[in-house]
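First up is the structure itself, then whatever we jot down about it.
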Amino acid sequence: LEWSPRGTYLTTFAPLGVVLVGGPSWTQQRAFKYNAVQRIQFSPCERFLFTWIPSLAEVSIYNHNYWNVQHETTENPQSIVLWDTKTGKKLRAFATISNDRWPAFQWSHDGSFFSRLIKGLIYVYDSSTLSLISVRCWSCYYILTNQDDAGQKKPVKLHGPTGHHE
């Protein structure tokens with residue numbers, strides 16, 4: 001069970017998807033049919049919902065007939081799905097990137113934008129068009145070799161868009 005940010009929905013997980021319960025009589029409001037969902041994330045405005053399923057090999061444990069055995073070792077390009085909570089429509093899918101942490105995406109305060117960090121690059125998407133609007137290297141770290149007064153090598157971190165030294 002998991003609550004939406006404003007408490008509008010109580011989310012339940014089932015083997016075949018996710019169900020949103022709410023309203024005055026606490027009835028089913030929407031169902032998102034997607035096998036083996038493990039994690040969810042609402043936008044702050046509750047208009048969008050991300051679902052995440054594990055790798056294909058892990059999914060095949062839940063339902064052997066859902067995925068072809070030949071694909072068990074490949075990445076699932078649709079392991080993260082963005083849904084519209086009002087219509088139940090699948091809006092966009094993303095692959096899980098190795099070392100992804102949940103939540104894989106971060107939302108702006110009003111749900112207008114969402115972003116993701118992949119290999120030191122920040123990808124920013126517009127939630128009204130679902131399109132990528134920016135890719136930035138904001139807090140990328142580069143390790144350089146420098147020498148201290150005794151001639152010993154030491155790492156120097158450069159970070160941020162201006163490359164200030166630490």
Side-chain angles (χ1 to χ4, degrees), residues 1-24 26-59 62 66-67 71 74-142 157-164 166:
L1 293 175
E2 191 169 325
W3 286 99
S4 62
R6 296 180 180 173
T8 306
Y9 304 110
L10 180 60
T11 310
T12 62
F13 295 81
L16 297 179
V18 175
V19 175
L20 301 184
V21 177
W26 285 99
T27 57
Q28 179 176 320
Q29 301 295 304
R30 188 76 54 227
F32 304 94
K33 294 180 181 174
Y34 204 57
N35 284 11
V37 171
Q38 296 290 308
R39 304 237 191 261
I40 62 166
Q41 179 193 21
F42 282 93
S43 63
C45 59
E46 299 181 345
R47 181 174 170 219
F48 302 103
L49 175 71
F50 276 116
T51 58
W52 174 79
I53 61 171
S55 71
L56 292 179
E58 293 174 81
V59 169
Y62 292 102
Y66 190 74
W67 300 105
H71 297 293
T74 62
E75 282 276 333
N76 181 356
Q78 297 200 27
S79 59
I80 301 173
V81 175
L82 182 61
W83 305 88
D84 184 315
T85 59
K86 303 297 182 208
T87 65
K89 182 181 175 188
K90 180 179 173 181
L91 300 174
R92 184 166 177 169
F94 299 87
T96 298
I97 306 301
S98 61
N99 298 325
D100 259 348
R101 294 182 182 163
W102 193 258
F105 290 90
Q106 297 298 316
W107 287 96
S108 63
H109 74 286
D110 61 358
S112 297
F113 304 98
F114 57 97
S115 61
R116 183 179 199 186
L117 180 65
I118 301 174
K119 296 182 181 179
L121 297 175
I122 299 171
Y123 294 78
V124 180
Y125 299 85
D126 183 329
S127 64
S128 65
T129 63
L130 305 176
S131 58
L132 179 66
I133 59 170
S134 178
V135 178
R136 302 272 183 210
C137 181
W138 188 258
S139 59
C140 307
Y141 287 89
Y142 304 95
K157 292 181 185 177
L158 294 179
H159 61 89
T162 58
H164 287 88
E166 239 181 49

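Please read these numbers as outputs of a predicted model, since none were measured by experiment.
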query: CD of Q41 to CG of L49: how many Å apart, nearest 0.5 Å?
result: 9.0 Å
- prompt: How long is the span from the CD1 atom in I40 to the OH atom in Y9, to the nearest 0.5 Å?
  reply: 12.0 Å
task: Can you measure from CZ (R39) to CD1 (I53) and round to the nearest 0.5 angstrom?
output: 14.0 Å
task: May I ask you to check whether F94 and Y125 place their ring centres under 6.0 Å from each other?
output: yes
message: Under the criterion side chain to side chain contact (heavy atoms under 4.5 Å, CB included), I'd like the reasoning laid out for F42 against L20: C-alpha separation, chi angles, the key distance, then a yes or no.
response: CA-CA 11 Å; F42 282 93; L20 301 184; 3.7 Å; yes
field: S115 side-chain N/O to V124 backbone N/O, donor-acceptor pair under 3.5 Å
entry: no
- prompt: How far apart are the C-alpha atoms of V81 and F32, what are their side-chain angles, what is the distance that settles it, and do they pass the side chain to side chain contact (heavy atoms under 4.5 Å, CB included) test?
  reply: CA-CA 10 Å; V81 175; F32 304 94; over 6 Å; no
query: How are the rings of W107 and F50 set relative to one another: parallel (under 30°), tilted (30 to 60°) or perpendicular (over 60°)?
result: tilted
task: Taking atom CZ of R30 as the centre, report whether more than 12 heavy atoms of other residues, nucleotides or ligands fall under 6.0 Å from it.
output: yes
message: Let me confirm one number: the CG-CG distance from L132 to D126, rounded to the nearest 0.5 Å.
response: 10.5 Å
- line: To the nearest 0.5 Å, atom OG1 of T51 lies from atom CD1 of I80 at 9.0 Å
message: Going by side chain to side chain contact (heavy atoms under 4.5 Å, CB included), name the residues that satisfy it together with T87, two or more places apart in sequence or in a different chain.
response: D84, K89
message: Go through it in stages, so that I can follow the logic: the residues are W83 and V18, the test is side chain to side chain contact (heavy atoms under 4.5 Å, CB included), and I'd like the CA-CA distance, side-chain angles, deciding distance and then a yes or no.
response: CA-CA 11 Å; W83 305 88; V18 175; over 6 Å; no
message: If you take the centroid of each ring, where Trp contributes its six-membered ring, are W52 and F105 closer together than 6.0 Å?
response: no
query: Roughly how far, to the nearest 0.5 Å, is the OH atom of Y34 from the CG atom of L16?
result: 13.5 Å
